Engineer: 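This is the structure I want to talk about, given as structure tokens.
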Number of protein chains: 2
Amino acid sequence: MSQTVDRALSILPLLAQGPADLGQVADRLGVHKSTALRLLRTLHEHGLVYRQQDQRYRLGARLFALAQEAVENLDVREIAHPHLAALNERTGHTVHLAVHEDGEVLYIDKVESRYPVRMYSRIGKPVAITVAAVAKLLLADLPEPERRALAAKLDYPRYTPRSTPDAAAFLQELATVREQGWATDLGGHEESINCVAAPIRGADGRVVAAMSVSAPNVVVTAEELLALLPLVRRTAEAISHDYSGTTPPKETEETPA
Amino acid sequence: MSQTVDRALSILPLLAQGPADLGQVADRLGVHKSTALRLLRTLHEHGLVYRQQDQRYRLGARLFALAQEAVENLDVREIAHPHLAALNERTGHTVHLAVHEDGEVLYIDKVESRYPVRMYSRIGKPVAITVAAVAKLLLADLPEPERRALAAKLDYPRYTPRSTPDAAAFLQELATVREQGWATDLGGHEESINCVAAPIRGADGRVVAAMSVSAPNVVVTAEELLALLPLVRRTAEAISHDYSGTTPPKETEETPA
DNA sequence: TCGGCCGTTGCGCACTCTGCAACGTCCATT
DNA sequence: AATGGACGTTGCAGAGTGCGCAACGGCCGA
């Protein structure tokens, strides 16, 4: 691994917390000011950081553009979107699409609820991986050793009394989810918000994405939301079908890791 | 400028065009495969690139997260959003918020039209800088030398017959915009889409952002859209007021050990 | 079975990055 | 108005680090 690049890239999450001046960056990186300056200059030339009038640095414009182009290259998203929109049209609730990547699960698309009370989330924001319904689906599909390894590495924050408490409970939950082919989050992240989710599979049967419908208690009860499960599953299957269909005959996949 | 970091960062826009394998990356960078590999590994460890099952690289998840955190740190956005939503509520049209940064203008917020026919745009996407109404406002406020330098550097694509043809016309337009304090784009980017825009100013009077209302011909005529100008300007002024008010003259930041 | 393609590894050389120290500037303080 | 300090910037010499080369190994198609 390249030390120089490593240091430069470490600046980005640092600046994500808010603007910082040269000295602060150098301190937090543990390098000399002149070094930090050179790195920041390079990042600047690539548009990844921006220098404000007060000379402090913050994350730059090209970062948005890159993230944007990146998300547009995800073909699952393209294919799923009309289905998500239709489901939102029909139910009125917030619909999410999420993928798994290197131990993180993040939303890559979202259709907002029609109701005034909405849940907070953002495309690109990593989800609460130990409780979110979509996360359970995505992780439940991992090969068993990976699943165990990941579960062991995770933190298990107690967002609510119903949050997954530890790795054992999580693995148990994943097994259940894997078995039944759908997942829920009933107040595990925020007390008053429930979700039901279903997996989207590629041609080889592996889970490539997951979608969910979320709604707060004040709009519909958990039971009413669960009644939507068949609809959610059908939607996910429709997306899976579209996705497998339009994806050209994939090169052979090595199943055993 | 750091060579290593420079090379590493050059990989990102390259991957933004689509996934690529190691050889392609090395070729396009003009370096040896082993070098490209090391750079990609470093980028990977920071989550900026992701390696798919077919071993090809594409942009990674953390990029989204970073862009997300970045946009949330823009306080103009925070302050402007309710106003934009209100304007959308009242007019039904698409409302945009944009800022200028290092010769690029990009949308940082958007409220979607209520009408079924919508214009295509995305938060984070750089706008057509030579024709967009918000771009004119932001660039018109630059000091004259910078304005000239930037105008000279730009390309002037002929999106439509009404697109700004060259630097001279652009500078002329900027002068007009600067004078009148608002801007329009009448079919300059896409034949059937019109915009009206107004500037948002900081406490020192400089333009820090610009907002616009856009609608296609099929929904409202250009005249009808122009009739919204006073409303748009009032909204922009309200945001400017909020922004100047809530931004303290200077904030001091302490560094916790 | 063989050949080619691609990703990966170890290594020695030298290029490039590093930290230091000194300078210029701006601002707050006396 | 003068002084001190904080901060960003620059040039430099040393060495640490990234560079390309060459060889290996796995995979796939011939």
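Treat the numbers as computed from the prediction; the structure is a model and nothing was measured. Quick note on labels: first sequence line is chain A, next is B, and so on, each numbered from 1.
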Engineer: Nearest heavy atom decides the nucleotide; on that basis, is B/G30 or A/G23 closer to the 5' end of DNA chain D?
Structural biologist: A/G23
Engineer: D/dC27 P sits how many Å from B/Q55 CD, rounded?
Structural biologist: 10 Å
Engineer: Could you tell me how far apart A/Q52 (CD) and D/dG8 (C1') are, to the nearest whole angstrom?
Structural biologist: 16 Å
Engineer: Contact between A/R58 and B/L74 at the side-chain level, heavy atoms closer than 4.5 Å - yes or no?
Structural biologist: yes
Engineer: Check whether any side-chain heavy atom of B/L29 sits under 4.5 Å from a side-chain heavy atom of B/L39, and report yes or no.
Structural biologist: yes
Engineer: Take atom CZ of A/R7 and atom C1' of D/dG18, then tell me their distance rounded to the nearest Å.
Structural biologist: 13 Å
Engineer: Is it true that A/D54 and A/R56 make a salt bridge, defined as a side-chain N closer than 4.0 Å to a carboxylate O?
Structural biologist: yes
Engineer: Tell me which of B/A36 and B/K33 sits closer to the 5' end of DNA chain D, going by the nucleotide each one is nearest to.
Structural biologist: B/A36
Engineer: Could you give the CD-to-P distance, from A/Q53 to D/dC7, as a whole number of Å?
Structural biologist: 20 Å
Engineer: Just how far, in rounded Å, is P of D/dC27 from CG of B/D54?
Structural biologist: 15 Å
Engineer: So for B/S34 and D/dC21, does any side-chain atom that can act as donor or acceptor lie under 3.5 Å from a complementary atom in the base?
Structural biologist: yes
Engineer: Measure from OH on A/Y57 to C1' on D/dC7 and round the result to the nearest Å.
Structural biologist: 11 Å
Engineer: Which nucleotide span of DNA chain C, 5' end to 3' end, has atoms closer than 4.0 Å to non-hydrogen atoms of chain B?
Structural biologist: C/dG7 to C/dC17
Engineer: Measure from CG on A/L39 to P on D/dT17 and round the result to the nearest Å.
Structural biologist: 14 Å
Engineer: Please report the distance, rounded to the nearest Å, between CZ in B/R38 and P in D/dC19.
Structural biologist: 5 Å
Engineer: Do the side chains of A/E144 and A/R148 get close enough for a salt bridge, i.e. N-O under 4.0 angstrom?
Structural biologist: yes
Engineer: Base, sugar-phosphate, or nothing for B/R56, non-hydrogen atoms under 4.0 angstrom?
Structural biologist: nothing
Engineer: Would you mind telling me which of B/L137, B/L138, B/L139 makes a side-chain contact (heavy atoms from CB on, under 4.5 Å) with B/V177?
Structural biologist: B/L137
Engineer: Under 4.0 Å, counting only non-hydrogen atoms across every strand here, what does B/T4 touch: a base, just sugar-phosphate, or nothing?
Structural biologist: sugar-phosphate
Engineer: Got B/V49 and B/L63 here, is their nearest side-chain heavy-atom distance under 4.5 Å?
Structural biologist: no
Engineer: Check the side chains of B/D141 and B/H100 for a donor-acceptor pair under 3.5 angstrom, ignoring hydrogens and angles.
Structural biologist: no
Engineer: Distance check: side-chain N/O of A/S2 vs OP1/OP2 of D/dG18, anything under 4.0 Å?
Structural biologist: yes
